[in-house]
Amino acid sequence: SVNRTPEVQESRLKLPVVSEEQRLMEAIHSHDVVVICGSTGSGKTTQIPQFLYEAGYGSPDSPTPGMIGVTQPRRVAAVSMSKRVGEELGDHSDVVAYQIRFEGTVDPKTAIKFMTDGVLLREIAQDITLRKYSAIVIDEAHERSVNTDILVGMLSRVSKLRAELAAEDPKVKPLKLIIMSATLRIEDLTMNPTLFATPPPVLEVEGRQHPVTMHFSRRTHHDYVEEAFRKISRGHKKLPPGDFLVFLTGRNEIIELSKRLKDAFGGSKTAEGLKVRISASEAPIEVEDIEFGDVDDNRGGDDFDDLPSENDEEEEEDEFQIEGDEEIAPLKMRVLPLYSLLPTREQMRVFEPAPEGTRQIILATNVAETSLTIPGIRYVFDCGRSKERQYDRVSGVQSYDIGWISKASANQRSGRAGRTGPGHCYRLYSSAVFERDFPPFTDPELLRMPIEGVVLQLKAMNLQHVVNFPFPTPPDRRALAKAEKLLTYLSALSSTGQVTQVGTTMSVFPLSPRFARILLVGHLHDCLPYTIALVAGLSAAEVYIPENQAIPTLAAKDDAAIRTAADIIAEDRQANMRKMYNEVQKNFCFLDDRADAIKLLQVVGEFAHEPTEEWCESHFVRYKVLKEIQQLRRQITDLLRANVPAFASLKFQDKLDPPLPKQVAALKQMVAAGFIDQVAIRADLTTNPPEQFRKPRRAIDVPYIPLIPVHTSNEVESDAAVYIHPSSPLAHRSTQECPEYIVYSYLQRATQSLDTVKRPKTRMHALTDVT
Ligand code: ADP
Ligand code: MG
């Protein structure tokens, strides 16, 4: 008997899921596995866990005492949804908790536990029967993240096992598995006999979707942030009240656009929290937050559509005339950013209603596509792109490209305008581009990333033949073979493909297998504390703020001839910043001027001595990433102590003295050993050096050839050479000083903007030279 506040009761009644409670719960009672599909905002995430709770799941004195586990692909959603459900449960709010990587609120009272799917995967590794739980809800299954896919595969087995155990022993209860999706397109999960022998029932919840009028642009501009600015500005002046939800690809775009809108419309003071100050615990690292320097990104050039519009202006005049000639009273503007890096309390502001006479403009990444439902949205502006990890399955070359979203995603995005009433979606691309260039759906993430980590986890759980694992969409056999080969290299697997003792230990660490391996050999020459700091650093997302973001760009002048005093001051400031930037980078290389890995170790070490935001700001590194590295160092130390007998008395050393030269040399060797299959040789030293039209003048133009040839799945690839990344200390050496061999962590092609034909160079993310 839960007592909810009248406001909560009233808003629940409006949710389609709530009117279906009985049907849904009956299905759950009579099936161990059910699938619930309902469009975003229909109440799945907030309500289903409450239904289960009220039906007795998670109550210690009920027949189903185990907890209700709810998984989310994103940390932000795990945290914010647990808070919301806690609020809704009124006098029972203390039964709701969350657990994410470095932080959690779970206690003995917890009945509903929100967590990232990675957390639950680790728990399955510890207890394959998941006896702590009576029900598991897997949310956002349609997103097909790797962890979700693996979880669904695992849980199909766990649920079978629990059913068998329950049949033998009445004290054991079956596990209820509820898979939730915002779209119906999940046949890979439901109609997949290797996963579920009998297809689980698919329960569709009718969302109240109001009609959304689609407005395609006549042309597709390459500078979509600019285009968004123009359209939002015009729309704000012309459109009747109603909030805007704007989809962009990443945090930097959001910050840029937010600033421009505030400059133009004087955003309200309350929306000023933009300066990102976050505790690491609140700051998930996600794909959209990772910003790689755009090396060869020669933007500019033409727009996508062949035919220029005869009269753009005229078209736009009536574009925003959507409701006759009604006079629009001027509205104030409140701009709110929404991306994963933002602290939860900032994110929650999108749920606060805007003051009277104010239009909220929410600038969001993919987070707002399905995970978070924002009330009051009437207009969606969609740039049609997203930044996603791309990965060549065969070569292992990866990149974070900004590319077109799928048609399915575009429809998810536009649907967000029709939750509270009829809405409008302004697509910043033409219908021709949409039809021709948008793929119908996106590939599951498992097909877009290295899978040695997944393979090791599965093997460590005694799954001998990974090909037999019930993957919702099985990875390519070649990719599996490649992963096994690497793991054998790293001594994690025996020659017969069985997990070794080393492999089992490696699987305990939240690190990619290579880094775990480096860790286990890392005690030579008393290096262990450095090795820990190093692999923690290497595992993190971008530590450095790239030069083009650290240093302010000067406003483009229409007339370059007229320079005001302010311009001169700005130019001066920019030159100064650049000097400081280069100085800082150079100082980080003082232990070794050729190894990115040692430079990173230096950064991590210096930060430990001065872990402040000020230090980070003046050293052009990311505070929240370094905080997270710090936590990871501690966690790795704890895991080593608990899992490796030789390190049973290991203590965490926060502040380290600089390593000795012989330790630096040892660390470089260890790193090289973990990446022994990723070595490139300077091209002029090969038996068959490639022809060169011009002698390279800069280190970043010196060609290298990977010793193990990189085969791309793309046949037309002709340039086998790879090059030093400009962010590497090696980029600052002269061409004569370029080392003979370089060990790299991965290969990357620069973000290829959609409008360039020229193929960017493949760059090595170097770790160390080999001497
Ligand atoms: P679904 O999971 O089906 O997409 P949700 O359960 O997330 O739907 O959302 C249901 C409703 O709850 C939405 O209308 C949303 O606006 C509201 N809601 C979710 N979180 C909050 C919050 N923190 N504050 C206020 N309303 C919220
Ligand atoms: Mg949801």
Side-chain angles (χ1 to χ4, degrees), residues 4-21 24 35-53 68 70-90 93 96 98 112 114-117 137-143 145 148 178-184 186 203-210 242-243 245 336 338 342-354 360 362 364 366-378 380 409 411-413 415-421 423:
R4 299 185 172 85
T5 66
E7 297 84 58
V8 164
Q9 264 167 327
E10 195 191 331
S11 62
R12 287 186 89 211
L13 285 180
K14 295 196 202 118
L15 297 172
V17 160
V18 172
S19 52
E20 301 263 22
E21 173 166 2
L24 298 176
V35 178
I36 298 177
C37 292
S39 57
T40 307
S42 54
K44 299 182 301 299
T45 311
T46 52
Q47 305 309 315
I48 305 285
Q50 298 186 60
F51 297 167
L52 288 163
Y53 178 66
I68 302 157
V70 188
T71 70
Q72 294 290 329
R74 300 187 181 81
R75 293 185 203 176
V76 296
V79 178
S80 64
M81 287 300 153
S82 81
K83 296 207 163 130
R84 174 65 186 170
V85 172
E87 278 163 33
E88 292 202 12
L89 276 175
S93 65
V96 190
Y98 67 85
I112 304 177
F114 281 84
M115 63 197 129
T116 47
D117 32 28
V137 180
I138 302 186
D139 207 355
E140 315 287 358
H142 65 277
E143 284 192 22
S145 77
T148 305
I178 297 115
I179 300 175
M180 306 207 293
S181 163
T183 72
L184 269 172
I186 45 163
L203 304 163
E204 217 185 319
V205 179
E206 254 339 300
R208 219 171 342 115
Q209 178 67 32
H210 301 273
D243 294 345
L245 174 60
L336 291 175
L338 181 62
L342 208 59
T344 316
R345 87 193 106 79
E346 301 267 330
Q347 281 167 350
M348 297 303 256
R349 301 208 3 238
V350 301
F351 295 110
E352 295 164 13
Q360 297 210 97
I362 294 157
N366 262 346
V367 174
E369 201 174 290
T370 56
S371 274
L372 301 178
T373 316
I374 307 144
I377 299 297
R378 194 164 162 202
V380 164
S409 283
N411 292 336
Q412 282 292 332
R413 290 179 175 189
R416 313 312 308 277
R419 298 305 311 169
T420 27

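What you see is a predicted model; the values in this text were computed from it and never measured. First listed ligand is number 1; within each ligand, the first listed atom is number 1.
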Worksheet item: Is any side-chain heavy atom of Ile112 less than 4.5 Å from a side-chain heavy atom of Leu89?
Response: yes
Discussion item. What I'd like to find out is whether the side chain of Val79 reaches to under 4.5 Å of the side chain of Phe114, using heavy atoms alone.
Written reply: no
Practice prompt. Check Arg416, Arg419, Glu140 against Thr40 for a side-chain contact (heavy atoms from CB on, under 4.5 Å) and give me the one that passes.
Written response: Arg416
Item to complete: Output the set of protein residues with a heavy-atom contact under 4.0 Å to ligand 1, ordered first by chain identifier and then by residue number.
Response: Leu15, Ser39, Thr40, Gly41, Ser42, Gly43, Lys44, Thr45, Thr46, Met81, Arg84, Met348, Phe351, Thr373, Pro375
Worksheet entry | Non-hydrogen side-chain atoms of Ile138 and Asp117 separated by less than 4.5 Å | no
Worksheet item: Taking side chain as C-beta onward, heavy atoms only, is Leu15 less than 4.5 Å from Gln47?
Response: yes
Worksheet, complete the sentence: Sorted by chain and residue number, the side-chain hydrogen bond (donor to acceptor under 3.5 Å, both in side chains) partners of Glu20 (sequence neighbours excluded) come out as Arg23
Item to complete: Check whether any N, O or S atom of Thr45 sits under 2.8 Å from the Mg ion (ligand 2).
Response: yes
